[in-house]
Amino acid sequence: MSSSPTAPSEKVDQQHLEKAHVEQFETRRYPPDFEAEVAKNHIPLRGRLLTAGLAFIAGTGFTLFGYDQGVMSSLLTGNQFEAQFPQVVVESSHPNHATLQSFIIAIYEVGCLAGALTNLVIGDPLGRRRTIALGGVIMAIGAILQTTSFSFAQLIVARIVTGFGNGMITSTVPTYHAECSPAASRGQLIMLEGCMIVFGVTWIDFGCYFMTNSSAQWRLPLALQLVFELIMICFIWFLPESPRWLVKHGRDAEAMAVISALEDKPFSDGEVQRTFHAIREAVAMEFPGLSDKKQSSFDVLKTQMKELLTNDRSQNFRRASIGIVCQMMQQLTGINLVTYYATILFQRLGLSDINSRIIASANGTEYFLASWIAYYFVERVHRRTLMLVGTIGQCITMALLAIMGAIDNGPANVFSAVLLFAFNTFFAIGWLGMGWLYPAELSGLRTRTAANALSTASNWTWNFVVVMVVGPSFNNINWGTYIVFAVLNALIVPGVYFFFPETGGRSLEDMDVVFAYAHIHNLDPVKVSLRKDIPPAGTPEADEILGVHPGLRRRASQGTSEDTDSSSEPKST
């Protein structure tokens with residue numbers, strides 16, 4: 001092998017490379033008890049059924065996320081809610097109540113932020129499944145506290161607790177789902193989570209609005225989130241752990257069993273083994289001589305945070321920063337202006353209480369239907385195109401809302417209502433699921449837990465800022481609020497175009513190769529990500545780019561010996 005990585009040829013025959021590498025794996029030797037260990041960890045749920053099970057649980061987690069976000073929109077102006085919590089009633093005699101109204105919504109984001117940051121410490125040691133289950137239990141406690149609230153202070157505490165659990169879930173579910181999904185359909189599968197966020201914003205509030213003589217008007221919608229929480233907590237244990245997490249923690253036989261189940265092929269199949277060894281090579285590069293099982297949670301956190309600041313071949317700092325900015329951009333589009341304040345916005349357009357709730361619920365339904373556009377196109381036109389189209393549409397929509405707000409007559413108000421539907425449509429296309437998919441695809445295995453925790457924390461931080469600002473902003477500058485978001489969307493467009501690499505069509509390990517190649521040759525990772533000649537992870541050519549010696553393999557912590565020596569590996573030229 002040459003001493004320095006070489007550029008892949010523009011005329012590389014990808015099928016030939018992959019076929020040769022599959023044949024290479026077929027000759028690999030394993031420890032005598034390895035096959036028995038794989039058989040011992042056999043997973044009955046396989047193939048499409050397993051993929052469907054993963055999508056169901058991930059979707060349930062994000063339905064819960066969307067439901068808990070959207071449920072407060074109609075509750076805020078319900079007569080029973082206002083009677084129990086007069087602090088949210090905005091009147092000229094209580095101008096500070098606009099801030100309190102925003103606060104009771106935004107305090108939930110503070111809890112979410114804390115939960116996401118907690119994953120920096122506990123996320124990797126616990127694993128994906130246990131973190132999701134723990135987040136569900138905490139959310140359930142918060143839901144009970146919200147439902148039984150009799151004071152403003154209790155409701156605040158309950159919202160924080162619920163948010164804490166949700167922060168843990170939302171920073172883990174996309175990672176778990178991405179690590180268990182094939183590259184060809186990963187985008188669509190995680191886009192389902194975005195669809196489920198919107199599905200959570202339902203008509204339930206509207207139905208309960210008519211319970212004008214009972215606190216069930218707001219307690220029942222808050223209690224119903226327990227259904228989603230119990231489903232998620234119970235059914236997550238029927239699914240396997242992420243194979244990437246298992247390999248990272250030296251549980252190779254279990255990881256092979258999971259990959260075999262996901263592909264619905266025997267572990268000896270060449271494609272199963274190529275996927276397995278590509279993951280092991282990523283671990284070999286990122287964890288030389290390190291066993292996380294021997295470190296405390298804080299040691300792991302310290303190591304991950306140190307690695308996040310590196311900018312060598314792995315480009316960890318760049319990748320984590322892009323993920324953090326991506327989640328910030330999602331919130332600065334202004335979506336929560338509509339999500340949390342839909343009913344109030346339609347009331348400001350002159351609609352009655354009932355009509356504003358009907359239109360707000362119809363808006364949520366249209367939002368859900370529009371989210372399937374991204375599901376259909378995400379693997380056809382890829383990530384960057386959807387983000388750019390969505391952002392340009394959002395910018396134009398916000399500018400038109402400002403113009404209609406300045407005109408402020410009957411026809412202008414009708415057009416404004418239509419524009420709110422249009423904004424949701426563009427956001428569903430460009431950012432709804434993408435904000436969660438893209439950071440999960442971008443980071444390397446070593447820093448993925450920490451990077452996704454920080455990107456999710458970024459989401460909740462800016463979510464809090466936007467929600468806190470919107471209420472007072474409308475009271476002070478009215479339609480000028482739309483101008484602010486129009487400008488922010490305009491600034492997002494060049495940010496995506498110049499700095500966001502394309503992740504579509506590549507495995508999670510392939511992105512390691514893209515960034516390493518860009519670093520070695522001092523190229524723009526965005527341009528490299530759009531090239532078709534970058535070799536896939538797990539091939540000798542990719543090993544050379546990554547700087548992984550062909551014989552280097554991570555030693556499994558459960559007694560699995562090193563793979564065959566490097567002499568059995570083909571040399572790249």
Side-chain angles (χ1 to χ4, degrees), residues 62 66 69-70 73 187-188 190-201 325-342 345-346 349 359-405 412 414-438 459 462-463 466-467 470 479 481-497 500 502 504:
F62 271 66
Q69 272 199 314
S73 174
Q188 286 189 316
I190 298 182
M191 279 296 172
L192 280 174
E193 296 170 14
C195 297
M196 292 301 103
I197 293 174
V198 186
F199 180 71
V201 185
V325 171
C326 176
Q327 290 277 35
M328 177 188 74
M329 286 178 172
Q330 188 198 50
Q331 293 306 308
L332 292 182
T333 60
I335 183 57
N336 281 319
L337 178 154
V338 181
T339 301
Y340 284 122
Y341 295 99
L345 288 176
F346 288 118
L349 294 176
I359 299 299
S361 296
N363 182 262
T365 302
E366 187 274 338
Y367 191 15
F368 171 67
L369 295 175
S371 67
W372 291 94
I373 298 174
Y375 173 83
Y376 179 79
F377 282 108
V378 69
E379 299 298 354
R380 291 170 171 81
V381 300
H382 294 324
R383 285 49 161 163
R384 283 163 46 87
T385 303
L386 289 180
M387 284 189 276
L388 290 169
V389 169
T391 308
I392 292 169
Q394 290 159 189
C395 179
I396 295 170
T397 303
M398 283 291 182
L400 290 173
L401 278 166
I403 294 171
M404 293 303 105
V414 172
F415 189 44
S416 293
V418 174
L419 287 171
L420 289 173
F421 279 76
F423 182 85
N424 275 355
T425 301
F426 284 116
F427 183 83
I429 291 171
W431 288 95
L432 176 62
M434 197 69 69
W436 304 99
L437 165 66
Y438 192 73
N459 180 286
W462 291 100
N463 196 321
V466 170
V467 173
V470 163
W479 52 265
T481 304
Y482 293 124
I483 295 178
V484 174
F485 286 109
V487 172
L488 289 172
N489 277 283
L491 294 174
I492 288 171
V493 173
V496 171
Y497 185 82
F500 282 36
E502 180 57 63

Show the atom names and distances, to 0.1 Å, of all donor-acceptor pairs under 3.5 Å that link a side chain in residues 372-380 to residues at least two apart or in another chain.
unit_1: E379; atom_1: OE1; unit_2: R383; atom_2: NH1; d: 3.2
unit_1: E379; atom_1: OE2; unit_2: G187; atom_2: N; d: 2.6
unit_1: R380; atom_1: NH1; unit_2: Y376; atom_2: O; d: 2.4

Can I get a per-line list of side-chain donor-acceptor pairs under 3.5 Å for residues 385-397, giving both atom names and the distance, sequence neighbours left out?
unit_1: T385; atom_1: OG1; unit_2: V381; atom_2: O; d: 3.3
unit_1: T391; atom_1: OG1; unit_2: M387; atom_2: O; d: 2.6
unit_1: T391; atom_1: OG1; unit_2: W431; atom_2: NE1; d: 2.7
unit_1: Q394; atom_1: OE1; unit_2: F427; atom_2: N; d: 3.4
unit_1: Q394; atom_1: NE2; unit_2: N489; atom_2: OD1; d: 2.7
unit_1: T397; atom_1: OG1; unit_2: G393; atom_2: O; d: 2.7

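The side-chain heavy atoms of Y482 and L400, taken from C-beta on, include no pair separated by under 4.5 Å. Inter-residue side-chain proximity for L420 and L401 is flagged as met; some heavy-atom pair is nearer than 4.5 Å. Counting heavy atoms from C-beta outward, L332 and M329 have side chains that stay 4.5 Å or more apart.
In this view, A399 and A486 satisfy the side-chain contact (heavy atoms from CB on, under 4.5 Å) rule, not counting sequence neighbours.
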*asked:* I'd like to know whether V470 forms a side chain to side chain contact (heavy atoms under 4.5 Å, CB included) with F485, so could you lay out the CA-CA distance, the side-chain angles of the two residues, the decisive distance to 0.1 Å, and finally the verdict.
replied: CA-CA 11 Å; V470 163; F485 286 109; 4.2 Å; yes
*Start with the C-alpha distance between E366 and N424, add both sets of side-chain angles, then the distance that settles side chain to side chain donor-acceptor pair (under 3.5 Å), and finish with yes or no.*
CA-CA 8 Å; E366 187 274 338; N424 275 355; 5.1 Å; no
*Test side chain to side chain contact (heavy atoms under 4.5 Å, CB included) on Q330 and Y438 and set out the steps.*
CA-CA 11 Å; Q330 188 198 50; Y438 192 73; over 6 Å; no
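Nearest heavy atom pair, residue R384 against residue Y497, reads NH1-O, 3.0 Å. Contact record, A402 with I483: CB-CG1, 3.5 Å, taken as the closest heavy-atom pair. When every heavy atom of S416 is checked against every heavy atom of M404, the shortest pair comes out as OG-CB, 3.1 Å.
Here the OH atom belonging to Y367 is positioned 13.0 Å from the CG atom belonging to L369, to the nearest 0.5 angstrom. In this structure, Q331 CD and N459 CG are separated by 4.0 Å, a value rounded to the nearest 0.5 Å.
In this structure a side-chain-to-backbone donor-acceptor pair under 3.5 Å is missing from Q327 to W436.
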